[in-house]
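Each remark here refers to the structure printed beneath this line.
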Amino acid sequence: MIDASVASIFREHAAHLGKQVRVKGWVRTRRDSKAGLSFVQMSDGSCFDAFQVVAPNSLANYASEVAKLTAGCAVVAEGEIVPSQGKGQPVEMQASRIEVVGWVENPDTYPIQPKPHTFEYLREVAHLRPRTNTFGAIGRVRHCLAMAVHRFFHERGFFWIHTPIITGSDCEGAGQMFRVSTLDLANIPRTPEGTVDFSQDFFGRETHLTVSGQLNVETWACALSKVYTFGPTFRAENSNTARHLAEFWMIEPEIAFATLLEDAQLAEDLLKYMFRALLEERGDDLKFFADRIDKGCIARLEALVGASFERMDYGDGIRHLEAAIAKGRKFEFPVSWGCDLQSEHERYLTEELVGRPVILMNYPKDIKAFYMRMNDDGRTVAAMDILAPGIGEIVGGSQREERLDMLDRRLDEMKLDKDAYWWYRDLRRYGTVPHAGFGLGFERTVIYATGMANIRDAIPFPRTPKTCDF
RNA sequence: UCCCCUAUAGCUCAAUGGUAGAGCGGGCGGCUGUUAACCGCCAGGUUGCUGGUUCGAGUCCAGCUGGGGGAGCCA
């Protein structure tokens, strides 16, 4: 008797034929035949396909237990792997023993029925939704993409840097942050001036959850040359859209001795590597997404892996938009050089004009962050966004300002406190070097790859405004 | 946070201001090497919450809460 996953049985079914095997999993459906047997469809999550166990009524517990199995029951099935007499699977198990490990106490109210459910409903039962086809597939796709990220960087000599989750600087700039505190909210200590006395807080200062590992990882890039972070990130923005989470995962590489062009190439190579891995390793799950979620998802991935991304200067993007307007294309918001592109503008460029991901580069300095490197024209910075059809911004990156005088000028312009950035400025004083990096939203990548419509269904337990269940 | 839509059985949805229904799922029975199985019967509801209009509210109105779509912010 050997223990086997469903994936291994299907992957090497010839080798398993005739063998006594033990499989453990959860029942999807049970179909009875009065020829004296039941078909128990079970899944252990190791692959997309469920496994058919044929249970003859000669089993000791057939009438008392097997015939009463319903969706969700946990079972251990033992028996011989035989060629299937029916269609739909190459092999199946002729069971000699089925042990019911865990019953479903009330089948009538088991939340996951063998029928299509809405994703909104499944979010309310997030503890059980991984047992569905869709979320099982999402889980395996996430894993595949995450492993591909680490492989990609490892193969290229990058080091994975574990930047802090808790940050003591309020200088990260990228929007609202979650406070981290052990102070008693009902009895907040005050300074003589009446403000909150954070010196009595756990860290002796005000602290928050990170909104980006970038500033920290830049320090390691200026030592180990090629580094990246891959971890959770937190934004306290009150964003209620299908593309925003309060807690999400982000990949942020940072490369020393590099310019914006190398940064953009790295982002393109990474995305292609991730999607190639997905096409090679998760064909079963992708087929499901293509069948039931988004017809074009496999073709889209194959096209993306094979074609180079469109590179476009911000100024050219504006000119394309203005040309479209001149031809009668209507937009809700006006377009002119210097304005931040609206979602509708980004969608036009990537979905209508190009039909592929677009790398938009060299944005006006006034709409970008302080740390982005000033271009020689004095009015644009070396920033790049990658816009993907159906998603919008999937990557945001830049070459960093490595010249201290230029950085200080930008900090002053934006009225930021230079002292708060003392260690970030130190990097520019001690062996400064041109460097660049970007942030890739992991869940947005999952959405893009699978065609899932809502980012809340691309992460096991979504956190969004007013929602932190489970 | 703003605009729009929405909330009915375990799930997906019906129901002109007039006795709340169907399909799926569940239970029981029948049939069948079945595969979203099929056929019959049965059970299952304070119509999201609070208030209002009305002889009468699932239906109309107000507020609240949750969900969805769009926008902003961004990954």
Side-chain angles (χ1 to χ4, degrees), chain A residues 28-42 49-56 67-68 70-72 82-89 92 94 104 106-125 128 132-133 173-176 211-214 229-230 232-252 267 292 332-333 340-344 346-347 367-369 385-388 391-397 438-448 453-456 458-459 464-467 469:
Chain A
R28 284 291 180 79
T29 64
R30 187 202 80 237
R31 296 179 295 275
D32 299 327
S33 166
K34 282 295 153 38
L37 52 134
S38 288
F39 299 93
V40 179
Q41 203 80 28
M42 59 183 284
D49 290 312
F51 184 58
Q52 176 159 287
V53 174
V54 182
K68 293 175 179 171
T70 57
V82 298
S84 180
Q85 296 177 35
K87 292 174 187 147
Q89 57 282 320
E92 65 193 17
Q94 195 68 39
V104 166
N106 182 359
D108 193 40
T109 58
Y110 179 62
I112 309 297
Q113 298 169 2
K115 58 168 280 183
H117 287 105
T118 61
F119 294 132
E120 294 79 23
Y121 166 71
L122 289 172
R123 271 172 229 147
E124 296 170 6
V125 288
L128 295 169
T132 63
N133 283 333
Q176 290 293 106
V211 292
S212 166
Q214 180 200 318
T229 72
F230 185 5
T233 308
F234 307 87
R235 303 275 167 92
E237 250 106 37
N238 192 10
S239 297
N240 292 288
T241 81
R243 289 175 292 285
H244 289 86
L245 291 165
E247 176 183 282
F248 63 100
W249 287 61
M250 186 156 63
I251 298 141
E252 297 177 285
R292 304 301 271 283
E332 186 183 345
F333 294 92
D340 212 353
L341 295 182
Q342 303 291 321
S343 290
E344 56 174 349
E346 295 182 346
R347 270 207 301 275
I367 59 172
K368 287 296 182 183
D385 284 354
I386 299 184
L387 313 175
I391 310 295
E393 187 179 340
I394 192 170
V395 166
F438 62 84
L440 168 65
F442 188 60
E443 284 74 22
R444 288 190 179 176
T445 309
V446 172
I447 293 181
Y448 182 72
N454 196 312
I455 201 164
R456 295 163 196 186
I459 190 168
T464 54
K466 298 277 184 288
T467 306
D469 300 327

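Here is the naming used below: chain letters follow the sequence lines, and residue numbers restart at 1 for every chain.
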Check whether any side-chain N or O of A:R31 sits under 4.0 Å from OP1 or OP2 of B:rA37, and answer yes or no.
-> yes

Taking only N and O in the side chain of A:S343, is any of them less than 4.0 Å away from OP1 or OP2 of B:rG72?
->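 Answer yes for this pair, as a side-chain N or O of A:S343 is under 4.0 Å from OP1 or OP2.
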
Look at the side chain of A:S239 and the base of B:rC74, then say whether one donor and one acceptor between them are separated by less than 3.5 Å.
->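 Not at all, since no donor on one side and acceptor on the other fall under 3.5 Å apart.
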
Partner of A:T464 under side chain to side chain contact (heavy atoms under 4.5 Å, CB included), chosen from A:E247, A:R456, A:R123 |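 Option passing the side chain to side chain contact (heavy atoms under 4.5 Å, CB included) with A:T464: A:R456.
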
Could you check whether A:F442 and the base of B:rA75 form a stacked pair, meaning centres closer than 5.5 Å and planes differing by less than 30°?
->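 Here A:F442 fails the 5.5 Å or the 30° condition.
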
Who pairs with A:E443 by salt bridge (charged side-chain N to carboxylate O under 4.0 Å, His left out), at least two apart in sequence or on another chain?
-> A:R142

Is there a donor-acceptor pair under 3.5 Å between the side chain of A:R243 and the backbone N or O of A:R444?
-> no

Where do N or O atoms of nucleotides 8-15 of chain B meet protein N or O atoms at under 3.5 Å, pair by pair?
from   : atom 1 : to     : atom 2 : distance (Å)
B:rG10 : N2     : A:Q113 : OE1    : 2.5
B:rG10 : N2     : A:Q113 : NE2    : 3.2
B:rG10 : N3     : A:Q113 : NE2    : 2.8
B:rC11 : O2     : A:K115 : NZ     : 2.4
B:rU12 : OP1    : A:T118 : OG1    : 2.9

Stems where RNA chain B pairs, listed by first number, each of three or more Watson-Crick or G-U pairs under 3.5 Å |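 Correct response: B:1-7 with B:65-71, B:10-13 with B:21-24, B:26-30 with B:38-42, B:48-52 with B:60-64.
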
So what does [X] hit on the nucleic acid, given a heavy-atom distance under 4.0 Å: a base, only sugar-phosphate, or nothing?
X	result
A:V395	sugar-phosphate
A:N106	nothing
A:K87	base

May I have the distance from A:D32 (atom CG) to B:rU35 (atom P), rounded to whole angstrom?
-> 12 Å

Quote, to the nearest angstrom, the [atom1] distance that separates [N] from [M].
N	M	atom1	value
B:rC55	B:rA14	C1'	27 Å
B:rG17	B:rA71	C1'	37 Å
B:rG68	B:rC24	C1'	23 Å
B:rU12	B:rG67	P	15 Å
B:rA43	B:rG52	P	36 Å

